[in-house]
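Both ligands and their constituent atoms are indexed starting at 1 by order of listing. These numbers were taken from a predicted model, which means no experiment stands behind them.
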Amino acid sequence: MITITSDYALASERLHRGKLIAIPTETVYGLAADASNPDAVRQIYQVKQRPSNHPLIVHIASADQLSDWADDIPDIAYTLAEAFWPGPLTFILPKAPSINTAVTGGQNTIGLRCPNHPLTLQLLTTFKGGLAAPSANRFGHISPTKPEHVQSEFTQAEVDLILDGGQSIIGIESTILDLTATPPRILREGAITADMIRNICNISVINHKTATSPQVSGSLDKHYAPDTPTMLVTTEKLQDIINDNQNKRIAILAHSEIHEQHLQKSKGAGYWFQMPKEAKGYAHQLYDTLRQADASDAELIIIEAIPNTPEWDAIRDRVTKSSH
Ligand code: TXA
Ligand code: MG
């Protein structure tokens, strides 16, 4: 099993030696390498089994480092960083000419974010460079929000150590904002919403649903997915679907006040995960709960459909892809 530690100086030393380590962030755990070391960056792609044209996010200690990695940085990048960094907002910017395209998946743009986690900020300050870090899961699988999740994805030969920062507070990945587009557009929804961005800088922001061909792996239809077949079912249809699947053991993630009797009445009595009724609490628990359901002997995971209001947008995006 991979060593779990909170020794960020040791973590920094391993990174300087070209090793991969897992780092805690407020969104999900990242699989980190020295972003300026192309061999270390290539190992991320190998270990994750990620296609080499899917770019990585580079994590930096503050907005002061933006210009080490990006070029032609618009003023709104600094305004938004002032408002939301450290935090769950990633910028896509033109990459600086010196930056190796291993980290950008061959593109001329680069993803940059300053994560809001005390231990990882200390690590970044000690390390002094940028850390390329996708979510610390195998490609297409559920993102990790706890050290144990990372431990279950990789071996010690693949990942040198896991920096233990407890459970990720937010629980779903950062908002990705493409600042190379006019107007800027959101490529992946997250805790920072289009409205929050508009409130800060009074610009128009387009959502990816109306944009064409975003270069974001999270934009593949199937992503964030358990190994167990997973369905998204409206509250009204829940009982019918349970009845239809009586021959299977079922795990259910429900957020509304319907009760467990639904499940206990069915022959396949399985697992009932009562999820928080508000979006923040739901996001915090989503991936951990999906992993528990996946690790159980359930043969089918049913997720109760997500409310249609804006605060649930990012969560709806994730569960839709988990269940594709
Ligand atoms: O919250 C997060 O963003 C987490 C933590 C670890 O920081 N990271 C994360 O990384 O979710 P990953 O690799 O699983 O997702 C990053 C997304 C990918 O879908 C990638 O395609 C997109 O960011 N991305 C990175 N650089 C890009 C670029 N230059 N242009 C377009 N998309 C980019
Ligand atoms: Mg990911």
Side-chain angles (χ1 to χ4, degrees), residues 20-33 35 41 44-45 47-60 69-71 84-96 99-117 119-121 123-124 130-145 149-150 153 162-163 165 168-181 184-192 208 211-225 283 287 314 317-318 321-322:
L20 300 191
I21 67 157
I23 55 167
T25 85
E26 79 282 32
T27 59
V28 300
Y29 273 70
L31 180 61
V41 169
I44 295 182
Y45 286 92
V47 164
K48 266 201 74 140
Q49 296 157 8
R50 179 179 173 115
S52 61
N53 62 350
H54 286 267
L56 304 175
I57 295 173
V58 176
H59 297 67
I60 55 180
W69 301 92
D71 244 0
F84 297 116
W85 279 11
L89 179 62
T90 297
F91 300 138
I92 305 299
L93 291 164
K95 80 170 190 70
I99 304 304
N100 192 292
T101 52
V103 76
T104 67
Q107 306 196 45
N108 292 323
T109 55
I110 187 163
L112 291 160
R113 118 170 163 97
C114 175
N116 189 14
H117 192 290
L119 202 53
T120 293
L121 286 169
L123 169 65
L124 283 166
L131 294 179
S135 53
N137 52 274
R138 292 194 193 274
F139 188 65
H141 197 221
I142 308 167
S143 300
T145 53
H149 298 165
V150 183
E153 294 274 331
I162 300 169
L163 198 54
S168 297
I169 297 214
I170 292 181
I172 56 172
E173 303 78 2
S174 63
T175 302
I176 300 182
L177 181 67
D178 184 355
L179 290 173
T180 68
R185 64 180 189 181
I186 291 181
L187 302 183
R188 179 176 73 188
E189 294 163 304
I192 307 291
H208 69 290
T212 50
S213 64
Q215 306 268 325
V216 179
S217 54
S219 70
L220 299 175
D221 286 342
K222 184 174 174 199
H223 216 71
Y224 319 112
Y287 291 149
D317 168 68
R318 302 310 192 275
K321 284 166 185 157
S322 301

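Near T27, meaning under 4.0 Å from any of its heavy atoms, are these atoms of ligand 1: 1 (O), 2 (C), 4 (C), 5 (C). When each atom of ligand 1 is checked for a heavy atom of I176 under 4.0 Å away, the hits are 17 (C), 22 (C), 23 (O). Taking every heavy atom of R50 and a limit of under 4.0 angstrom, the matching atoms of ligand 1 come to 12 (P), 13 (O), 14 (O), 18 (C), 20 (C).
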Applying side-chain contact (heavy atoms from CB on, under 4.5 Å) to I44 and L20, what does each step give before you reach the verdict? CA-CA 7 Å; I44 295 182; L20 300 191; 3.7 Å; yes
I would like to know whether I21 and L123 meet side-chain contact (heavy atoms from CB on, under 4.5 Å); could you show each step before the answer? CA-CA 12 Å; I21 67 157; L123 169 65; 4.1 Å; yes
Which is it for S135 and K48 under the side-chain contact (heavy atoms from CB on, under 4.5 Å) test, yes or no, and what are the steps along the way? CA-CA 9 Å; S135 53; K48 266 201 74 140; 3.4 Å; yes
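At a heavy-atom cutoff of 4.0 Å, ligand 1 is contacted by both the backbone and the side chain of T109. When heavy-atom distances to ligand 1 are checked against a 4.0 Å cut-off, I110 comes that close only through its backbone atoms N, CA, C and O. Contacts between R113 and ligand 1 below 4.0 angstrom, taking non-hydrogen atoms only, involve the side chain exclusively.
A tilted orientation is assigned to the rings of H54 and F139, their planes being inclined by 30° to 60°.
Considering both main-chain and side-chain atoms, S174 comes within under 3.5 Å of ligand 1 through a nitrogen or oxygen pair. Between H59 and ligand 1, at least one pair of N/O atoms sits closer than 3.5 Å.
With a cut-off of 2.8 Å, the Mg ion (ligand 2) has an N, O or S atom of S135 in range.
Heavy atoms of other residues, nucleotides or ligands lying less than 6.0 angstrom from CD1 of I169 number 12 at most.
No side-chain donor from either of T27 and S174 sits under 3.5 Å from a side-chain acceptor of the other. A side-chain donor-acceptor contact under 3.5 Å links T25 and R113.
S143 places none of its side-chain heavy atoms less than 4.5 Å from the side chain of I172.
The option from G30, P24, A133, A22 that lies nearest to atom 8 (N) of ligand 1, judged by heavy atoms, is A133. Distances from atom 28 (C) of ligand 1 to the heavy atoms of T90, I92, I44 show the closest one on I92.
For the ligand labelled ligand 1, residue L56 lies inside the 4.0 Å heavy-atom shell. Using a 4.0 Å cutoff on heavy atoms, H54 does not count as a contact of ligand 1.
In this structure S168 satisfies the side chain to side chain donor-acceptor pair (under 3.5 Å) test with no other residue, sequence neighbours excluded.
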